[in-house]
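What you are looking at is a predicted structure, and each value in this text was computed from that prediction instead of being measured. Remember, it's 1-based here, ligands and their atoms both numbered in the order they're listed.
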Amino acid sequence: MSVTDPQPPTSGPHSDAAQEALHDRIAADSLTTRRDYLRIVATVSGGLAVGGIGVASGILHRHGDAEGPPEAKRIADGILPGESLAFRYPGAEDRAVAVRLEDGTLAGYSAVCTHLACAVLWRKERGSEGELYCPCHEGIFDARTGEVTAGPPPRGLPKVVLVEEADGSVWAIGTARSGESAREGLCRELGDARPELTERLGCPGASARADVTERSERT
Ligand code: FES
């Protein structure tokens with residue numbers, strides 16, 4: 001099982017047990033807590049293994065420096081192809097943007113330009129699949145990867161890990177620094193807090209940590 005970078009969501013009914021479990025767990029408590037977040041991550045990793053859930057990745061720079069994973073946040077009831085959504089994540093002041101490309105790929109990024117922190121905007125009509133644009137100094141970022149394609153920004157946009165639930169709702173569940181994959185960001189954010197989850201995600205060194213935890217729990 002693995003967490004992947006932006007990919008097209010699958011079509012057809014979401015009938016897999018993992019997806020149903022995700023739906024139930026989210027619906028069970030509208031107030032998403034840190035504990036729920038961890039449940040979601042656990043289920044997401046299983047859901048991705050069967051290819052049933054579309055995931056986009058990212059990590060906001062400052063988020064990546066925070067201790068522990070941020071809480072999951074429902075950001076939209078749904079996002080249609082070509083649409084974008086401005087939201088705040090993981091903190092109330094952290095500007096972010098989600099975009100749905102025409103092929104269905106869902107991607108989330110920090111909306112803070114890596115040059116001088118101007119707001120990054122979605123320009124649907126530009127290029128073959130739109131672009132993320134910073135008007136301050138003409139910085140342009142690839143909508144699919146967040147990487148810089150033009151202008152002075154020194155690095156790509158940090159990402160926000162997005163999960164699309166069975167009812168179409170979109171959730172932000174974590175962040176990843178510039179250049180990190182979604183899985184790398186989640187692994188770093190989870191750290192040693194939940195070794196069983198990092199093992200399921202395939203995080204480096206997770207098996208060893210899980211073994212240590214298991215042994216310590218037995219003693
Ligand atoms: Fe975005 Fe300068 S602040 S390009």
Side-chain angles (χ1 to χ4, degrees), residues 3-9 37 54-164 169-189:
V3 172
T4 62
D5 286 314
Q7 56 183 280
Y37 162 82
V55 170
S57 70
I59 230 192
L60 304 182
H61 183 67
R62 56 177 291 186
H63 311 162
D65 295 334
E67 284 189 18
E71 291 184 359
K73 179 180 180 181
R74 182 183 180 120
I75 64 169
D77 292 338
I79 301 176
L80 297 174
E83 282 190 347
S84 70
L85 174 75
F87 62 104
R88 303 287 176 123
Y89 187 82
E93 303 302 319
D94 300 322
R95 290 171 293 170
V97 60
V99 299
R100 171 86 77 185
L101 304 182
E102 292 293 346
D103 70 356
T105 297
L106 187 62
Y109 301 100
S110 164
V112 180
C113 182
T114 56
H115 183 217
L116 295 175
C118 285
V120 172
L121 308 172
W122 168 240
R123 296 204 299 189
K124 175 184 175 182
E125 74 284 359
R126 299 298 292 247
S128 60
E129 56 184 8
E131 66 185 20
L132 292 158
Y133 170 69
C134 177
C136 288
H137 310 97
E138 302 288 319
I140 299 175
F141 302 88
D142 186 293
R144 189 174 292 275
T145 66
E147 294 303 310
V148 180
T149 59
R155 58 187 177 277
L157 292 171
K159 303 166 187 170
V160 176
V161 183
L162 300 178
V163 174
E164 185 174 25
S169 61
V170 178
W171 293 72
I173 64 167
T175 59
R177 294 170 176 152
S178 297
E180 270 187 332
S181 68
R183 185 170 67 90
E184 290 168 340
L186 289 176
C187 289
R188 178 178 43 71
E189 289 185 327

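Counting only heavy atoms of the protein, atom 3 (S) of ligand 1 lies nearest to Leu116 N, 3.2 Å.
By the 4.0 Å N-to-carboxylate-O rule, Arg100 lies too far from Glu83 to be salt-bridged with it.
Side chain of Lys73 to backbone of Arg88: a donor-acceptor contact under 3.5 angstrom is found. Trp122 places no side-chain N or O within donor-acceptor distance of the main-chain N or O of Leu85, the cut-off being under 3.5 Å.
Contact atoms of ligand 1 toward Cys134: 1 (Fe), 3 (S), 4 (S) (distance under 4.0 Å to a heavy atom of the residue). Atoms of ligand 1 lying under 4.0 Å from at least one heavy atom of Gly139, given by number and element, are 4 (S). Less than 4.0 angstrom separates some heavy atom of Cys113 from each of these atoms of ligand 1: 1 (Fe), 3 (S), 4 (S).
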- Task: In sequence, state the C-alpha distance, the side-chain angles, and the governing distance for Cys118 and Cys113, and then conclude on disulfide bond (SG atoms under 2.5 Å apart).
- Result: CA-CA 5 Å; Cys118 285; Cys113 182; over 6 Å; no
- Item | Residues Val120, Phe141; criterion side-chain contact (heavy atoms from CB on, under 4.5 Å); working and verdict | CA-CA 9 Å; Val120 172; Phe141 302 88; 4.1 Å; yes
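Atom ND1 is the N, O or S atom of His115 at the shortest distance from atom 2 (Fe) of ligand 1. No other N/O/S atom of His137 lies as close to atom 2 (Fe) of ligand 1 as ND1 does.
Atom 2 (Fe) of ligand 1 does not have Cys118 among its coordinating residues (no N/O/S atom, backbone or side chain, under 2.8 Å). Within the 2.8 Å limit, Cys136 places no N, O or S atom next to atom 1 (Fe) of ligand 1.
Distance check: Ile79 CD1 to Leu101 CG gives 11.0 Å after rounding to the nearest 0.5 Å.
Each of Glu131, Glu129, Glu138 was compared with Arg123 under the salt bridge (Lys or Arg N to Asp or Glu O under 4.0 Å) criterion, and only Glu131 meets it.
Using a 4.0 Å heavy-atom cutoff, Gly151 is absent from the residues neighbouring ligand 1.
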